[in-house]
Structures are given as C-alpha cells and as structure tokens.
There are 2 protein chains.
Amino acid sequence: MSKVKVSSTNFANKQALSDECSEVYAANIIGGQWSLAIVSWLINGKLRFGQLKKLMPGITERMLTLQLRKLEENKIVTRTVYAEIPPRVEYELTPIGYELKPIIKHLEIWGDKHKSL
Amino acid sequence: MSKVKVSSTNFANKQALSDECSEVYAANIIGGQWSLAIVSWLINGKLRFGQLKKLMPGITERMLTLQLRKLEENKIVTRTVYAEIPPRVEYELTPIGYELKPIIKHLEIWGDKHKSL
DNA sequence: TAGGGTACTATAAATAATGTAAGTAATGTC
DNA sequence: GACATTACTTACATTATTTATAGTACCCTA
C-alpha cells in the first residue's frame with residue numbers, strides 16, 4: 001500500500017492491463033488482501049471502524065485503515081465522521097459498491113465448488 | 001510467487017480468510033497480476049505458450065510460466081505437451097476454469113460502469 | 001558450423017504489500 | 001491527575017510479488 005512507483009514496469013503493466021481489460025481493472029480495485037472481506041461485511045449494512053475490526057480478528061488497525069482509504073478513494077465506500085468524543089466513524093457501501101454483491105455471490109459459489117474438487 | 005513463508009502472519013491471515021470466506025478463497029486463486037488476463041484469453045479456446053506471450057506484450061516469460069503453473073496447480077488450466085521439436089505446449093481451461101466466464105463477464109461490466117463514474 | 005525456433009529455468013534485483021509496535025487527540029469518568 | 005474509549009497515524013521491519021537478464025535443450029535448416 002501507500003506509495004507505488006509510477007515509473008516502474010509493474011505500474012505500467014498494471015495500467016496497460018487495466019485499460020484494455022475492464023475485468024482486470026475491477027480485480028485491481030477489489031484485490032487487496034482484506035478488501036473483499038470488508039466489502040462482504042458491509043453488504044449487510046453500515047459498520048463502524050471498531051466493528052469491522054472485531055469482525056476480522058486478524059487485521060491490524062493500520063491495514064484496516066489503509067484498505068478502507070483505498071475503498072473510499074475508489075468510491076466503493078463512504079466514510080462518515082460524527083463529531084463526538086470518543087469519535088465515531090461509519091463506513092457504508094456506495095451504490096456502485098453494492099453492485100459488487102452479485103459478483104461476490106458468484107465468487108462465493110465458484111469458490112465453494114472449487115474447494116470441493 | 002514461488003516461496004511463501006508458511007509461518008508468517010500474512011500467510012495465516014490469508015488462510016483464515018480463505019477458509020471462512022469462499023469469495024476470498026476464489027479471489028486468491030485468480031488474483032495474480034496476470035491470472036485474470038490469461039484466463040480471459042483462454043476463454044476463447046486453447047492457446048500455446050508463445051501465443052499467450054504475444055497477446056500480453058508486457059509479460060515476461062518467467063511470469064507467464066509462474067502464473068500458468070499456479071493456474072495449473074489450482075486446476076484452472078490443463079497443460080498439454082506435444083513431444084515435437086521445436087516443442088509445443090497448449091494451455092486450455094478446465095471445466096471449473098470455464099465456469100469463471102460469467103464471473104469475468106460481470107467483473108467486466110462492473111469495471112466499465114465504475115470507470116465511467 | 002552457425003543460427004533459429006520453442007518453451008522453458010536460474011539467479012538476482014527491484015517493487016509492492018503487509019505486519020509490528022508505539023503514539024496521538026479529545027473528552028468524560030473515577 | 002490517571003485512565004478509558006475510539007479511530008486513527010507514524011516509523012520501521014518483514015514478506016510477497018514482479019521484473020531483469022541470461023542461459024538451457026532439442027533438432028532442423030542453411
């Protein structure tokens with residue numbers, strides 16, 4: 001996460017593939033280690049930072065923050081801050097985020113089937 | 001690619017997530033930098049190593065080999081070697097590989113829509 | 001004998017992603 | 001004043017993935 005080197009071959013390759021293949025573009029957006037899991041949880045409704053953390057015991061706060069920021073940048077989730085103390089921040093899927101639902105469902109079905117091979 | 005440290009936290013997290021979320025499991029399988037692109041090309045029929053290479057100008061032979069091997073391990077593609085000189089090797093999707101087709105289609109549609117936001 | 005074609009493999013290096021550990025700010029409660 | 005709560009941030013370490021470059025084996029053709 002954080003910094004990518006825009007002059008790297010890797011970056012160029014990703015760009016090129018994303019440009020010509022929308023499915024690769026999509027995969028890059030939801031392709032972080034935790035992104036899909038986060039989106040899966042949010043499909044059932046908005047959640048707070050701390051709730052997500054509890055739902056995914058393995059994730060660190062840093063990673064959760066990074067992934068949420070990336071999802072926010074990509075307009076998959078919205079972030080709402082309530083000016084309270086202690087702070088409260090809620091994350092919710094955007095319309096285009098919700099549209100990932102059928103894809104996730106298909107991936108899940110396919111994954112189950114694949115596991116049982 | 002190649003070696004992962006099975007004692008790392010990263011590995012453990014991936015395992016745990018894959019176990020409980022079939023969609024994450026699926027995403028891990030098709031999640032390499034080039035995997036989805038390769039599968040996309042193969043959906044139209046079998047291709048040789050060299051043909052894939054030409055279709056994806058940016059990929060190195062090493063990467064192509066690694067990704068194909070991973071796909072083969074995961075039963076997404078079959079590898080057929082013809083004992084000829086010069087050698088000929090054909091890659092083709094397995095049945096479960098072909099079942100990725102609707103998913104890829106959806107990803108593509110979603111990706112297009114997302115791009116136009 | 002030299003060079004070409006095909007599908008690789010080996011090794012090293014660079015880049016990217018993830019994890020660890022500690023610290024911050026604001027305020028309310030004990 | 002010490003401590004708890006919440007949602008982070010920062011600096012650094014580790015691991016994973018991708019790229020770069022060169023070389024291999026086989027036989028055929030010129």
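Small disclaimer: the values here were computed from a predicted structure and weren't measured. Naming: A, B, ... by sequence-line order, numbering from 1 per chain.
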- prompt: In residues 37-50 of chain A, what residues come within less than 4.0 Å of DNA chain D, judged by heavy atoms?
  reply: R48(A), F49(A), G50(A)
task: Would you jot down, in residue-number order, the residues of residues 19-36 of chain B having a non-hydrogen atom under 4.0 Å from DNA chain D?
output: G32(B), Q33(B), W34(B)
[X] [atom1] to [N] [atom2], straight-line distance once rounded to whole Å:
X: M63(B); N: dA14(C); atom1: CE; atom2: P; value: 16 Å
X: L68(B); N: dA7(C); atom1: CG; atom2: P; value: 11 Å
X: L66(B); N: dA7(C); atom1: CG; atom2: P; value: 17 Å
X: K53(A); N: dT5(D); atom1: NZ; atom2: C1'; value: 10 Å
X: E84(A); N: dT6(D); atom1: CD; atom2: P; value: 12 Å
X: E72(B); N: dA7(C); atom1: CD; atom2: P; value: 15 Å
X: L17(B); N: dA17(C); atom1: CG; atom2: P; value: 17 Å
X: Q67(B); N: dT19(D); atom1: CD; atom2: C1'; value: 12 Å

message: Using the side chain to side chain donor-acceptor pair (under 3.5 Å) criterion, which residues pair with K46(B)? Sequence neighbours excluded.
response: none
5' priority, DNA chain D, between V81(A) and N10(A) [closest heavy atom]: V81(A)
Can you check whether [X] has a side-chain N or O nearer than 4.0 Å to OP1 or OP2 of [N]?
X: K54(A); N: dT6(D); result: no
X: K70(A); N: dT18(C); result: no
X: S8(A); N: dA16(C); result: yes
X: R88(A); N: dT5(D); result: no

task: Not counting sequence neighbours, which residues clear side chain to side chain contact (heavy atoms under 4.5 Å, CB included) with A27(A)? List them please.
output: L36(B)
field: Pairing residues for Y98(A) by the side chain to side chain contact (heavy atoms under 4.5 Å, CB included) criterion, not counting sequence neighbours
entry: E92(A), L93(A)
- request: Give a yes or no on whether V89(A) and V39(A) share a hydrophobic cluster (residues Ile, Leu, Val, Met, Phe, Trp, Tyr; joining criterion: side-chain heavy atoms under 4.5 Å apart).
  value: yes
task: Can you run down the salt bridge (Lys or Arg N to Asp or Glu O under 4.0 Å) pairs that involve residues 6-21 of chain A, sequence neighbours left out, and say none if there aren't any?
output: none
statement: Quick note, salt bridge (Lys or Arg N to Asp or Glu O under 4.0 Å) partners involving residues 93-104 of chain B, not counting sequence neighbours, are K113(A)-E99(B)
message: Across nucleotides 20-30 of chain D, 5' to 3', mark each nucleotide with B, S or - according to how protein heavy atoms within less than 4.0 Å reach it.
response: B-----SB---
query: Which residues pass the ring pair (Phe, Tyr, Trp, His ring centres under 6.0 Å) test with Y25(A), sequence neighbours left out?
result: H114(B)
statement: The complete set of ring-ring contact (aromatic ring centres under 6.0 Å, His included) pairs with one or both residues in residues 44-96 of chain A, sequence neighbours excluded, reads none
- prompt: Of all residues at least two apart in sequence or in a different chain, which pass the salt bridge (charged side-chain N to carboxylate O under 4.0 Å, His left out) check with R88(B)?
  reply: E84(B), E90(B)
field: side chain to side chain donor-acceptor pair (under 3.5 Å): pairs with one or both residues in residues 35-44 of chain A, sequence neighbours excluded
entry: S35(A)-Q67(A), S40(A)-E23(B)
- request: Would you indicate what Y82(A) reaches in the nucleic acid, counting non-hydrogen atoms under 4.0 angstrom: base, sugar-phosphate, or nothing?
  value: nothing
field: Within 6.0 angstrom of K115(B) NZ, more than 12 heavy atoms from elsewhere
entry: yes
message: Here's a test of your reading of the structure: between I59(A) and Q51(B), which maps to the more 5' nucleotide of DNA chain C?
response: Q51(B)
